[in-house]
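Both counts, for ligands and for their atoms, begin at 1 and track the order of listing. Hydrogens, waters and symmetry mates are skipped; everything else that's a heavy atom, side chains included, is used.
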Amino acid sequence: MSRENYFTEERVLDLTLRPKSWENYVGQEKIKNNLKIIIEAAKQRKESIEHLLFYGGSGLGKTTLAHLVAKEIKKETKTTSGPAIEKPGDLAAILTNLEPGSILFIDEIHRLNRITEEYLYPAMESFKLNLILGRGPMAKIMEMNLPFFTLIGATTQPALLSSPLRARFGASFGLDFYQIFEIEKILERSTKILNVETEGESLKIIAKASRFTPRVANNLLKRVRDFAQVKGKGTITPNITKEALLALEIDELGLTSQDRKILEIIIKKFNGGPVGLQALAAATMENENSILDIYEPYLMRLGFIERNPKGRIATKLAFQHLKTNSQKLFDFLNLEFR
Ligand SMILES: Nc1ncnc2c1ncn2[C@@H]1O[C@H](COP(=O)(O)OP(=O)(O)O)[C@@H](O)[C@H]1O
Ligand SMILES: [Mg+2]
């Protein structure tokens, strides 16, 4: 399957399984409670809610949260993303067309370019837009009033946001990895929506391989369902689940062949590290953003990778995991390991 089709399928899955109510949004309790208070207080004051920033790894539920907030406000929501807003004019077109009190959701907000970003500051702060008309010495600045709006930004890389932008959000919320029991709960709901039967520990096995991430869990569930349909009688059993994970080359900790390749290369090629991001991306032929957004956070969470100012280091735990999980890696055994 092409990468493109995969992502389209993923998007459709996101939409069907995306919780549409707070009750179905599992976990992240502190964030949910704080958001409800912010929303309630703003409602009482009949004001728009302050600008919100959601940050955290891919698939942890940032977009879903933004939609839940929007639903609560019962106002129009416009959705766009950092890379889609190429120039200040694009931003101006969006901002001047907002309904008063509505929500503007900017996904991947760290990818806004700096020039556009500077137009966003006065818009967020005082709902004004300073348009520059003409060029050179004849240029004039025209100040336009904008409708009140709430900006919700989402990012996987909060460190890449400039500090003036970060400072203009009234509240920021970091989404963390989920607990296994929370992922199981999410999966249970998904099996009902997808109308699939499960037996025994199946969902627990999937949850353990889900990288503590709802989107990954749902994607795995769907793959296992396909397997159950083709190789079994449609019911997801623990054996079918294990067989499917094996076929997908996903181990019981949810490591994919890409994760293992990253670890192998740090160990084998860079003698355990430290290795810088660029060198690691080149050696593994992975995109730097995928390493930062998808692989590294989970490998760090497992304690398989550590980071220091010089780069990434593979830990003893990583070595042990690879050793017990793959016969092919036995040739590493005679490597001196720290
Ligand atoms: N807290 C949650 N409870 C239930 N399902 C969730 C939760 N967070 C995410 N999901 C599921 O994971 C999918 C991806 O979430 P999304 O909000 O798009 O993540 P992000 O925007 O952080 O990449 C959603 O469609 C939904 O099915
Ligand atoms: Mg998203």
Side-chain angles (χ1 to χ4, degrees), residues 6-36 52-72 77-85 103-112 151-161 169 172-196 203 206-207 209-225 254 287 289-290 292-298 301:
Y6 180 75
F7 281 114
T8 315
E9 197 192 336
E10 192 165 285
R11 251 197 309 258
V12 171
L13 192 67
D14 264 13
L15 288 180
T16 37
L17 299 180
R18 175 164 289 153
K20 309 228 165 26
S21 68
W22 294 104
E23 297 76 64
N24 287 328
Y25 192 92
V26 175
Q28 314 287 359
E29 299 300 335
K30 266 195 214 147
I31 297 180
K32 278 194 289 190
N33 291 336
N34 283 325
L35 281 174
K36 284 181 192 169
L52 305 172
L53 179 67
F54 298 140
Y55 60 90
S58 170
L60 290 180
K62 301 178 295 299
T63 302
T64 309
L65 265 189
H67 283 292
L68 288 176
V69 173
K71 204 175 166 210
E72 197 83 22
T77 306
K78 273 222 175 99
T79 300
T80 183
S81 73
I85 308 174
I103 287 185
L104 174 62
F105 177 57
I106 306 185
D107 210 354
E108 298 188 75
I109 194 165
H110 63 280
R111 289 177 63 192
L112 266 184
L151 176 69
I152 302 184
T155 176
T156 49
Q157 298 293 332
L160 297 184
L161 284 193
F169 286 98
S172 302
F173 299 99
L175 282 81
D176 207 349
F177 285 121
Y178 289 67
Q179 306 283 325
I180 296 287
F181 76 89
E182 294 171 330
I183 297 282
E184 276 185 79
K185 215 164 140 188
I186 292 171
L187 285 169
E188 260 158 41
R189 173 175 170 271
S190 302
T191 57
K192 290 194 189 106
I193 296 172
L194 296 173
N195 204 7
V196 54
L203 292 186
I206 299 176
S210 73
R211 317 171 76 90
F212 313 125
T213 304
R215 181 184 288 133
V216 176
N218 283 336
N219 284 336
L220 279 181
L221 176 67
K222 190 141 178 284
R223 294 272 108 72
V224 178
R225 178 186 71 163
N287 172 307
N289 280 328
S290 308
L292 283 174
D293 286 359
I294 301 170
Y295 307 119
E296 189 172 81
Y298 185 60
R301 172 61 174 251

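- Counting heavy atoms closer than 4.0 Å to ligand 1, residue I186 contributes side-chain atoms (C-beta onward) but none from N, CA, C or O.
- Of all atoms in ligand 1, listed by their number and element, those nearer than 4.0 Å to a heavy atom of N218 are 11 (C), 27 (O).
- Put simply, part of N24 is less than 4.0 Å from ligand 1, judged by heavy atoms.
- The main-chain N or O of G57 is found under 3.5 Å from a side-chain atom of K62 such that the two form a donor-acceptor pair.
- At least one heavy atom of S58 sits less than 4.0 Å from an atom of ligand 1.
- At a 4.0 Å heavy-atom cut-off, ligand 1 touches Y178 through the side chain alone.
- Judged by distance alone, with hydrogens and angles left aside, the side-chain atoms of T213 form a donor-acceptor pair with the main-chain N or O of R211 at under 3.5 Å.
- One option in G57, P19, G61 has a heavy atom closer to atom 19 (O) of ligand 1 than any other, and that option is G61.
- For the salt bridge (charged side-chain N to carboxylate O under 4.0 Å, His left out) condition, the pairs that include at least one residue of residues 173-184, sequence neighbours left out, are D176-R301, E184-K204.
- Near L60, meaning under 4.0 Å from any of its heavy atoms, are these atoms of ligand 1: 8 (N), 19 (O), 22 (O).
- To the nearest 0.5 Å, atom OG1 of residue T156 and atom CZ of residue R111 are 9.0 Å apart.
- The 12-atom threshold is not exceeded at NZ of K185, counting heavy atoms of other residues, nucleotides or ligands nearer than 6.0 Å.
- No donor-acceptor pair closer than 3.5 Å links the side chain of R18 to the backbone N or O of G61.
- Below 3.5 Å of separation, one finds an N or O of L17 facing an N or O of ligand 1.
- Between Q28 and ligand 1, a contact under 3.5 Å exists for no N or O pair.
- The nearest N, O or S atom of T64 is not closer to the Mg ion (ligand 2) than 2.8 Å.
- Close approach to T64 involves these atoms of ligand 1, each under 4.0 Å from a residue heavy atom: 15 (O), 16 (P), 17 (O), 24 (C).
- Annotation: the span from T79 atom OG1 to I103 atom CD1 amounts to 9.5 Å, rounded to 0.5 Å.
- In terms of polar-atom proximity, G59 is counted as a contact of ligand 1, with an N or O under 3.5 Å from an N or O of the ligand.
- For ligand 1, the atoms closer than 4.0 angstrom to any heavy atom of R18 are 16 (P), 17 (O), 18 (O), 25 (O), 26 (C), 27 (O).
- Atom CG of N195 sits about 9.0 Å away from atom CZ of R225, to the nearest 0.5 Å.
- L60 pairs in a side chain to side chain contact (heavy atoms under 4.5 Å, CB included) with only one of the listed residues (F54, F177, Y55), which is F177.
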